[in-house]
Every structure is written in C-alpha cells, then in structure tokens.
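Only one structure is covered here, and it is reproduced in the block below.
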Number of protein chains: 2
Amino acid sequence: METKEKIVTEAITFITTRGTNAFSYKDISKEIGIKTSSIHYYFPTKNDLIVAVLEHVIQKNKEDRKRNNYSNMKSALRGYIDEHILIREQNKVSIIAALAADINTLEPQIKAILNNYIEEEIDYLAHILDKGEKEKLFVYKAAPRIQALMILTNLLAISRISMITEKIYFDEVSRQILIDIEKK
Amino acid sequence: METKEKIVTEAITFITTRGTNAFSYKDISKEIGIKTSSIHYYFPTKNDLIVAVLEHVIQKNKEDRKRNNYSNMKSALRGYIDEHILIREQNKVSIIAALAADINTLEPQIKAILNNYIEEEIDYLAHILDKGEKEKLFVYKAAPRIQALMILTNLLAISRISMITEKIYFDEVSRQILIDIEKK
DNA sequence: AAATTTCTATCTACTAATAGGTAGATAATC
DNA sequence: GATTATCTACCTATTAGTAGATAGAAATTT
C-alpha cells in the first residue's frame, strides 16, 4: 500500500475509535513509521485529512454496495444491518457517528459533505423499505424516509451504547429492527 | 452562584456541545474570569472535572424526575421525550451521547459510572413502557427493556443527526416514536 | 476584645509535552 | 533536470498540571 493510502487508513481507525479531536499527526506518524511533515506533504491541514477520510469511506461504501446484488428487499435490509454489524465487530463506529460527535469543532465543508452523505443514506434505506413494503415483505406506519431514520438512529446509537454496556444489546436491537418490520 | 458550581456549569456546556477532547481549562477560565490554576484547585485533573459533571447531571435529572408526577404512562413517555427535546433546543446533546462519543479516551471510572447510568435510564423507560402496556395504552412487540433501547437510541442519534441535517428530522422522529407505540 | 493562627480561594509563575504547521535540505525516480 | 517523496529542524500556541505567594475570612488563643 502506498503512503497516502496508509495515512488515510490509519486516520479512519483513529477517527472512528477516538474521534477527530483525540488523534494527532504524531499518532499516525508513529503508527506507519514516517515523520509528521510527510503527512503534511499529502494533507497540508488536518481538515484536508478529515475530508479525504470522509470521501474515501463514502466512495468505498458506494463500491461495496454496487458489488452486492440483493435478490429481495428482505436480504437488502439485512445486508444494510450487516454493514453496521461489521463496523461494530471492529470496535469502531460509522463515519457518520464519528464526525457527528465532533461537528461543532469541524469546518463547514465537512458538515456539508456529511449532510449530503446522510441524505443519501436515508434515500438508500428508504428505497429498500418502500420497495419491500410494496412487495408485501415489510409493514410499518411511517413514511419510508422517516422509517429509514428510525432504523438508522437505532443502529448509530446502539453502536455507541454497546461500547459501554453489554455488547449483547447491539444484537438485540439489530434483531428487533427486523422483527418490528418483517411481515408475519 | 459559587465558583465551583460555575465551573461545572460551563464544563457541562462545553462537553455537551464540543466533546471532552475539544475544551480546555483555559476555555472555562476565559468564560468565567478566573485563572486555570483556580479550576485545578477545585478539580485537580480533567478526569475529576468530568466525573463531577457526570454526577451533577445524573443527580439533577433524578431530582427533576422526582418533581414530575405523571397521571398516566402516556404522559410519562411524552415527558421523557420532552427531556430530549429540551436538550436539543439548547443545541446540546445528552451527557450519555456526549461521553459515549469519547469513551475510548476516558478513564475506566467514567465508563463505569456511565454504564450504571445507562442501565438506570433503560430501567426508567422500560418501566413506563411495561406499565403502559399493562394499562392497554401501548402496544409493542419487544421485551420492555429492548423497546426502551429502541426508543432511547432513536432519541440519542436523531439529536446528533439533526445537528447536521434539517432540524425538522428531530420532530418527525420523536413524533413517530409515539405513533408507533400508542394504541389506536 | 485583640492578637494570632489556620483555612479558603485566588493569583503569578513556571514546566514538560504536544499540537498543527512551515522552510528548506536531500534523496530517489521519471 | 525536474518532479516526487521524505527528512531535519524549527516555530508558535496550547495543554494539563505544579509550586508557591498572598489576601481575606474564620476560628482559636490569650
């Protein structure tokens, strides 16, 4: 892996485990064995690095989803939940949860990118829910985008909560999401 | 207000708006017009201050709830949601959301207090849900404690998300919580 | 009641470490 | 020879924390 990619990879780990204000260029430099000035060569400011991290994660997520080809909306929803399970198993949180926590200390640029990404996430999940409802697979009361928000918020927050309480809570909540929505 | 209380009050604001790693003793000192060394006099380390903040918020919340005397479980649930609305209106997040975000950078002591507090929150909400169900006011599929977690996670995460997206999302989610659970 | 001691809260002054960032030399690659 | 990537060396500001002085209030002794 080339240096630039290594830096982004390490930054992702720090941001999604400790937050943007609890890691420094020195932390990354120690981790991959280069000097902090070399990181500044690729990412002049910390904001540049965070932007690169955010765009990298968004891009990767898009590609991963393109690869999946779900036969029905039930497995599409399960696949969506699996994305969150995977992050949880690595003791990380999603980039949305990570950057949302620091939003008042970040530059407006990041807020804008993040806002756009969250809307896309809601769209993606709402589409699965809407299609699944029309196929008589799901039942729920809210509008699809609001129902998507209900599920997204369950996953984002239980990911955080289960780092403090018993890990089992994560499984119970993710299971309940499916029970509440799958018909019969 | 005496100095010690002022320090805790300011620290609460910083922690619930910027996070524990994005404020310093200097920030507080500037805000209330004393030297940082005077803050160290009351709270020798930053961990001491965060512990004091956490215990203060827990205590205050307990007292506020004792003052309320809900006639039925429907208004008790609405009262619980109102607590979160109040925090959101101040552009803050709950102390649980705030400290959960920084948990990997905090001392084990804080994790222990927070774990205990989260369990108490689940108990409190689960009790409302359970009683309300027995009184035929609520309908839901999960065990009371899991249903409590579903609602708590909705509120914690939408509080964060709505700081990035449209504020309206917060109202839509909090309204949906009630629609989904209130019988007929 | 006056004098003295102790306590409380604050201040000035300092420290070692870290943060984010810059300038410019140098080596390796195209 | 120019470009790319890395390094050394530096800078300014901030961070968390300590040591010790001091002023005023409160308690104690004479």
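- Rounded to an integer number of Å, the gap from CG of B/Asn47 to P of D/dT15 is 18 Å.
- Rounded to whole Å, atom P of D/dT15 lies 10 Å from atom CZ of B/Phe14.
- Within the structure, a side-chain polar atom (N or O) of A/Thr3 is placed less than 4.0 Å from OP1 or OP2 of D/dT6.
- Residue order along DNA chain C, read from the 5' end via each residue's closest nucleotide, puts B/Ile34 first among B/Ile34 and A/Asp27.
- Distance, A/His40 NE2 to C/dG20 P: 7 Å, rounded to whole Å.
- Under the 30°/60° scheme for interplanar angles, the aromatic rings of A/Tyr80 and A/Tyr124 are found to be tilted.
- For the pair A/Ser24 and C/dT18, the criterion of a side-chain N or O lying under 4.0 Å from OP1 or OP2 is not met.
- Regarding B/Ile28, its CD1 atom lies at a distance of 12 Å from the P atom of D/dG17, rounded to whole Å.
- A salt bridge links A/Asp123 with A/Arg145: the closest approach of a Lys/Arg side-chain nitrogen to an acidic carboxylate oxygen falls below 4.0 angstrom.
- Using a 4.0 Å heavy-atom criterion, one finds that B/Phe23 contacts the sugar-phosphate atoms exclusively.
- Among the atoms of the strands shown, only primed sugar atoms or phosphate atoms (P, OP1, OP2) are found under 4.0 Å from some heavy atom of A/Tyr25.
- The base of D/dT8 lies close enough to the side chain of A/Ser37 for a donor and an acceptor atom to sit less than 3.5 Å apart.
- Atom P of nucleotide D/dT15 and atom CG of B/Leu49 are separated by 14 Å, given to the nearest angstrom.
- OP1 and OP2 of D/dC7 both lie 4.0 Å or more from every side-chain N or O belonging to A/Lys35.
- Contact between the side-chain N/O atoms of B/Ser38 and the OP1/OP2 oxygens of C/dA9 is not found at any separation under 4.0 Å.
- Salt bridge absent: A/Arg78 and A/Asp82 never bring a charged side-chain N and a carboxylate O closer than 4.0 Å.
- Between C/dA9 and B/Tyr41, a contact under 4.0 Å exists linking OP1 or OP2 to a side-chain N or O.
- The pair B/Glu83-B/Arg65 counts as a salt bridge, with a side-chain nitrogen and a carboxylate oxygen less than 4.0 angstrom apart.
- Look at A/Lys60 and A/Glu55 and you find no salt bridge, because none of the NZ, NE, NH1 or NH2 atoms lies under 4.0 Å from a carboxylate O.
- One atom, CZ of A/Phe43, and another, C1' of C/dG21, lie 16 Å apart when rounded to the nearest Å.
- Atom pair B/Lys46:NZ and D/dT18:P shows a separation of 15 Å (rounding to whole Å applied).
- B/Glu5 has its CD atom 14 Å from the P atom of C/dA9, to the nearest Å.
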